[in-house]
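The structure appears below as structure tokens.
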Protein chains: 2
Amino acid sequence: MVLNQNIKVAVDAIVFGYSQHQLHVLLVQQKYGPMQGRWVLVGGFVHDDEALQAAVERELREEAGITVNYLEQLYTFGDAVQRDPRMRVVSVAYFALVNATELKLHADTDAADARWFPISALPPLGYDHDHILSVAIQRLKSKLSYQPIGFDLLPEYFLFSDLENLYCSILGQEIDRRNFRKKILSFGFLEETDRVSKKNAGRPAKLFRFNKLKYKQLEQAGFYFEIKFA
Amino acid sequence: MVLNQNIKVAVDAIVFGYSQHQLHVLLVQQKYGPMQGRWVLVGGFVHDDEALQAAVERELREEAGITVNYLEQLYTFGDAVQRDPRMRVVSVAYFALVNATELKLHADTDAADARWFPISALPPLGYDHDHILSVAIQRLKSKLSYQPIGFDLLPEYFLFSDLENLYCSILGQEIDRRNFRKKILSFGFLEETDRVSKKNAGRPAKLFRFNKLKYKQLEQAGFYFEIKFA
DNA sequence: TCAAAAGTGTTGAGTTTACACCCATGC
DNA sequence: GCATGGGTGTAAACTCAACACTTTTGA
């Protein structure tokens with residue numbers, strides 16, 4: 001069988017982080033090629049003997065020096081034949097979340113040419129990465145309401161107000177504090193710890209922790225996470 | 001830039017149809033190659049200048065002579081490097097639904113080597129298509145509860161009992177007829193027509209029709225389709 | 001007249017919404 | 001003592017779940 005196909009396979013990662021009450025995305029500046037100087041998503045070509053997911057993890061390590069907290073395949077972009085001006089490239093995009101510690105670490109070291117940008121102040125992106133990013137943001141928004149992925153964006157110990165803030169800043173909605181707290185606590189997978197935080201003004205606040213094991217058990221037992229807002 | 005990647009890009013389609021109160025999937029029998037004689041999903045390699053979705057549509061036309069009712073990208077399978085024994089192939093799988101007319105048409109003509117199999121009586125599949133199919137079935141099940149895709153599996157005019165049956169046979173759950181009907185009708189996107197069907201024994205039944213336009217309007221207005229069961 | 005499927009309402013339980021005041025701390 | 005964010009309860013509206021009998025037709 002002769003197969004003379006000339007399509008290249010790449011992976012891209014949309015990495016979200018949350019800090020200073022804002023959603024951020026990780027971008028790298030292209031050093032060479034047709035998009036030189038432009039900011040783009042972390043990504044690159046897949047090796048012949050490499051799993052797709054392994055390729056994403058490698059690129060994240062190489063280009064940004066991070067390991068992520070959550071990683072899932074998002075979508076494969078390959079309908080626009082001229083996505084990359086050099087050749088036909090099909091890109092398998094992955095959706096990733098890092099928690100705040102990783103985010104800060106990175107912002108300090110400023111490794112490579114990778115930087116976090118708040119999604120409210122993005123530079124123009126190369127290739128079709130604007131489009132890919134918008135698909136990722138959609139996914140993030142919708143997943144927030146039916147999977148407990150918000151916790152993957154927060155540090156291990158967090159304040160209820162952080163969680164609340166994360167939801168309302170990402171979804172762009174008002175939330176009733178009391179109802180939100182009641183609902184989340186009713187699930188039973190948050191642990192109240194004996195630590196308190198005084199990072200904010202006002203009354204010190206309890207720190208909470210997401211008990212992943214407990215969540216998995218509940219899920220097994222037929223429980224469905226779901227958050228709606230008034 | 002020298003890029004010596006040797007990965008091939010394919011597409012596969014998981015096409016579901018519903019008839020005789022059972023979910024069916026479309027398979028084709030391999031004529032040549034390492035899986036000769038085995039049943040596999042419709043699929044093939046993508047042309048260099050062809051959009052991914054266009055490739056799926058082409059394969060569906062060529063291998064099975066059908067056009068589908070609903071088509072969306074499912075997942076890209078490319079983590080197992082040896083999915084295809086001949087070479088590294090990354091496959092972008094698409095999820096498709098056809099309505100019953102298309103299904104019957106096809107069953108009659110028996111075009112090519114394509115056949116519908118009830119998912120309860122599948123032959124062993126080639127490559128990793130068992131796995132792909134199971135992912136697709138999962139997707140179908142979950143989409144049924146939050147998107148009105150059941151209608152894409154039914155003929156234009158259908159009985160309430162068909163709809164009900166579709167849900168309970170695919171999801172494997174009992175449904176309360178009264179509550180189900182009440183719920184679906186409350187959405188307001190089903191039209192009661194003046195046609196009746198006598199295909200079943202017993203009292204003749206009204207035929208209904210899904211008003212897609214109406215659904216789109218509701219969706220725009222912030223309506224969310226959702227069906228839960230007792 | 002019998003068998004088979006279609007059609008139809010009500011009630012109680014549970015969930016969701018709306019809403020406002022006191023608490024603990026730092027300055 | 002005041003500014004700041006943390007913490008809490010209740011009542012009304014709504015939605016969901018459970019449940020059984022009558023209707024229409026063909027055989």
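Just so we're on the same page: letters track the sequence lines, and every chain starts at 1.
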Handout entry: Position toward the 5' end of DNA chain C (nearest nucleotide), B/D162 or A/G202
Key =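 First, find each residue's nearest nucleotide; the 5'-ward one identifies B/D162.
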Could you tell me whether the side chain of [X] has a donor or acceptor atom within less than 3.5 Å of a complementary atom in the base of [N]?
X      : N      : value
A/R177 : D/dG7  : yes
A/R178 : C/dA20 : yes
B/N179 : D/dA18 : yes
B/R203 : C/dA3  : no

Would you say the side chain of [Y] lies within less than 4.5 Å of the side chain of [X], judging by non-hydrogen atoms?
X      : Y      : value
A/V25  : A/V15  : no
B/L159 : B/K199 : yes
A/L71  : A/E57  : yes

Report the distance from atom [atom1] of [X] to atom [atom2] of [N], rounded to the nearest whole Å.
X      : N      : atom1 : atom2 : answer
B/E192 : C/dA6  : CD    : P     : 14 Å
A/F180 : C/dA18 : CZ    : P     : 16 Å
A/F208 : D/dG6  : CZ    : P     : 11 Å
B/H21  : C/dA5  : NE2   : C1'   : 11 Å
A/Q173 : C/dT17 : CD    : C1'   : 14 Å
B/K228 : D/dT15 : NZ    : P     : 12 Å
B/D176 : D/dC16 : CG    : P     : 13 Å
A/F160 : C/dC23 : CZ    : P     : 22 Å

Problem - Test item: A/H129 side-chain N/O and A/L41 main-chain N/O as donor-acceptor pair under 3.5 Å - result: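 Judged by distance alone, yes, a pair lies under 3.5 Å.
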Exercise for the section: Check whether any side-chain N or O of B/S161 sits under 4.0 Å from OP1 or OP2 of C/dA6, and answer yes or no. Expected result: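 Affirmative; the distance criterion is met.
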Problem - Minimum-distance nucleotide (side-chain atoms of A/A205 versus D/dT24, D/dG7, C/dG7) - result: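 The answer is D/dG7, which lies nearest to the side chain.
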Practice task
Tell me which nucleotide among C/dA18, C/dT8, D/dT8 gets nearest to the side chain of B/R181.
Solution key: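 Looking only at side-chain atoms, B/R181 lies closest to C/dT8.
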Exercise for the section: Scan B/K182 against the nucleic acid and name what it touches under 4.0 Å (heavy atoms): base, sugar-phosphate only, or nothing. Expected result: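 B/K182: base contact, heavy atoms under 4.0 Å.
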Handout entry: Any donor-acceptor N or O pair under 3.5 Å, side chains B/Q147, B/Y215
Key =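 No, because no side-chain N or O of B/Q147 sits under 3.5 Å from a partner of the opposite role on B/Y215.
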